[in-house]
There are 2 protein chains.
Amino acid sequence: MKAESATSADPACPGALPSAALDGPVSHAVSRVARLHRITAGRLLKGLGLYPGQEFLMMHLWDTGAVRQAELIKAMDLDPSTVTKMLQRLEQAGHVRRRPDPDDRRAVLVEATEESCALHAEVRGAWSGLEEHTLAGLEPAERAELARLLAKVEENLCHEAGECPAP
Amino acid sequence: MKAESATSADPACPGALPSAALDGPVSHAVSRVARLHRITAGRLLKGLGLYPGQEFLMMHLWDTGAVRQAELIKAMDLDPSTVTKMLQRLEQAGHVRRRPDPDDRRAVLVEATEESCALHAEVRGAWSGLEEHTLAGLEPAERAELARLLAKVEENLCHEAGECPAP
DNA sequence: GGCATTTACATGGTCGGCCAAGTAATCAGT
DNA sequence: ACTGATTACTTGGCCGACCATGTAAATGCC
């Protein structure tokens with residue numbers, strides 16, 4: 001068979017040092033965890049007719065009722081075009097209704113449909129399950145510490161990313 | 001004007017509780033951090049002609065030299081189709097070369113081009129910068145703790161996600 | 001040898017997400 | 001009142017990432 005240790009052979013670039021996770025172990029971990037987390041969320045959400053990412057939007061709508069799309073964009077902190085397309089799909093799926101704002105003819109009001117409300121509890125449940133699954137085996141103190149560290153990291157990143165909610 | 005506190009009014013669903021980040025604060029934080037992290041990485045990578053996600057692949061190629069595509073898929077732990085398309089784009093961008101494996105006519109050998117090697121150091125530098133930026137203001141002990149907790153979370157998630165490297 | 005199975009990729013389609021432009025309506029300045 | 005921002009979305013294009021499906025080659029079994 002081909003040697004399994006073929007990995008550390010023939011570096012394509014002269015003087016190539018092992019690089020992958022060495023510069024940036026945490027960044028690397030963040031990426032992988034994020035992907036796995038998203039996949040897991042997707043599996044849980046699939047049964048509810050939602051795709052990962054849409055939960056946040058629906059949660060917000062369930063909480064606030066009818067909102068202007070701009071408000072949603074700000075709250076989700078997403079690109080406007082992303083929200084537009086997401087809403088088009090959610091509307092077609094019957095989870096959301098859109099209607100022009102009478103007070104501002106360029107704006108659009110968005111709200112969750114009554115049928116979607118049946119999902120509300122299920123989505124909350126799925127997220128609780130996801131949270132518990134994510135944090136399985138972690139002490140309460142560890143969970144708190146993780147939350148704290150992630151918050152710090154988030155602030156670090158959001159500064160230069162340009163888009164943080166003003167303190 | 002419309003009351004700014006309209007936010008906590010008219011819940012679309014009867015008896016709707018505030019939901020967004022309440023079930024799953026850590027999950028929520030993970031999602032947001034991941035997105036910001038990816039954006040930041042994207043900004044750093046853009047100048048190098050790479051899109052976020054491609055770094056891992058290139059890093060692996062730089063480390064290992066020519067590999068079979070299947071090996072890459074396993075190492076990146078990505079969907080085969082994802083890797084195929086990524087490689088097509090990387091090839092067209094001149095970062096990667098593909099050639100049929102003489103020993104196995106269905107396999108494809110992939111390697112980084114010589115020109116791409118110029119990027120190697122820059123990508124490493126970008127990632128170091130990203131890591132430092134991500135962890136700015138964190139003590140070494142905190143960084144280690146974050147890495148440890150993320151690793152635990154990763155293992156939690158990868159168990160049910162189905163695809164973890166055998167222990 | 002011959003046929004089923006597994007392996008290695010490729011294709012097509014869908015989604016979230018970004019950016020770059022474009023259109024339409026409101027707002028400000030003069 | 002008219003004109004120049006600014007705001008609010010939409011469209012189109014592109015990328016990473018997924019799934020489901022398809023095709024070709026190697027492998028296993030009899």
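In what follows, chains are A, B, ... by sequence order, proteins preceding strands, each numbered from 1.
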Round to a whole Å and report the spacing from [atom1] of [X] to [atom2] of [N].
X	N	atom1	atom2	answer
Arg99(A)	dA8(D)	CZ	P	18 Å
Met76(B)	dG16(D)	CE	C1'	14 Å
Phe56(B)	dA17(D)	CZ	P	8 Å
Arg38(B)	dC18(C)	CZ	P	10 Å
Leu45(A)	dG16(C)	CG	C1'	13 Å
Leu72(A)	dT10(D)	CG	P	12 Å
Asp77(B)	dG16(D)	CG	P	17 Å
Asp103(A)	dT7(D)	CG	C1'	16 Å

- Query: When you measure from the side chain of Gln54(A) to the backbone N and O of Met86(A), does any donor-acceptor pair fall under 3.5 Å?
  - Reply: no

- Item | Donor-acceptor contact below 3.5 Å, side chain Arg68(B) vs main chain Asp101(B) | no

Should [X] be listed as having a side-chain N or O under 4.0 Å from OP1 or OP2 of [N]?
X	N	result
Thr82(A)	dC18(C)	yes
Gln88(A)	dT11(D)	yes
Arg89(A)	dT14(C)	no
Arg43(A)	dC19(D)	yes
Gln54(B)	dG16(D)	yes
Gln69(B)	dA10(C)	yes
Arg98(B)	dA8(C)	no
Arg106(B)	dT23(D)	no

- So what does Asp79(B) touch, heavy atoms closer than 4.0 Å: a base, only the sugar-phosphate, or nothing? base

- With sequence neighbours left out, the residues meeting salt bridge (Lys or Arg N to Asp or Glu O under 4.0 Å) with Glu145(A) are Arg148(A)

Which nucleotide in [options] has an atom nearest any side-chain atom of [X]:
X	options	answer
Arg105(A)	dC19(D), dT26(C), dC18(C)	dT26(C)
Leu78(B)	dC18(D), dT11(C), dT10(D)	dC18(D)
Ala70(B)	dA8(C), dA8(D), dC18(C)	dA8(C)
Asp104(A)	dG16(C), dA8(D), dA26(D)	dA8(D)
Arg68(B)	dC9(C), dT11(D), dC9(D)	dC9(C)
Lys85(A)	dA17(D), dC15(C), dG17(C)	dG17(C)

- Message: Testing Glu114(B), Glu91(B), Glu115(B) one by one against Arg97(B) for a salt bridge (charged side-chain N to carboxylate O under 4.0 Å, His left out), which residue passes?
- Response: Glu114(B)

- Task: Identify, between Pro52(A) and Val83(B), the residue whose nearest nucleotide on DNA chain C lies closer to the 5' end.
- Result: Val83(B)

- Query: Hey, which of these two, Lys46(A) or Ala107(A), hits DNA chain D nearer its 5' end, going by closest nucleotide?
  - Reply: Ala107(A)

- Message: Looking at Ser81(B) and dC19(D), is any side-chain donor or acceptor paired with a base atom of the opposite kind under 3.5 Å?
- Response: yes

- Partner residues of Arg38(A) under the side-chain hydrogen bond (donor to acceptor under 3.5 Å, both in side chains) criterion, sequence neighbours left out: none

- Item | Any side-chain donor near an acceptor of the partner, Arg124(A) and His120(A), under 3.5 Å | no

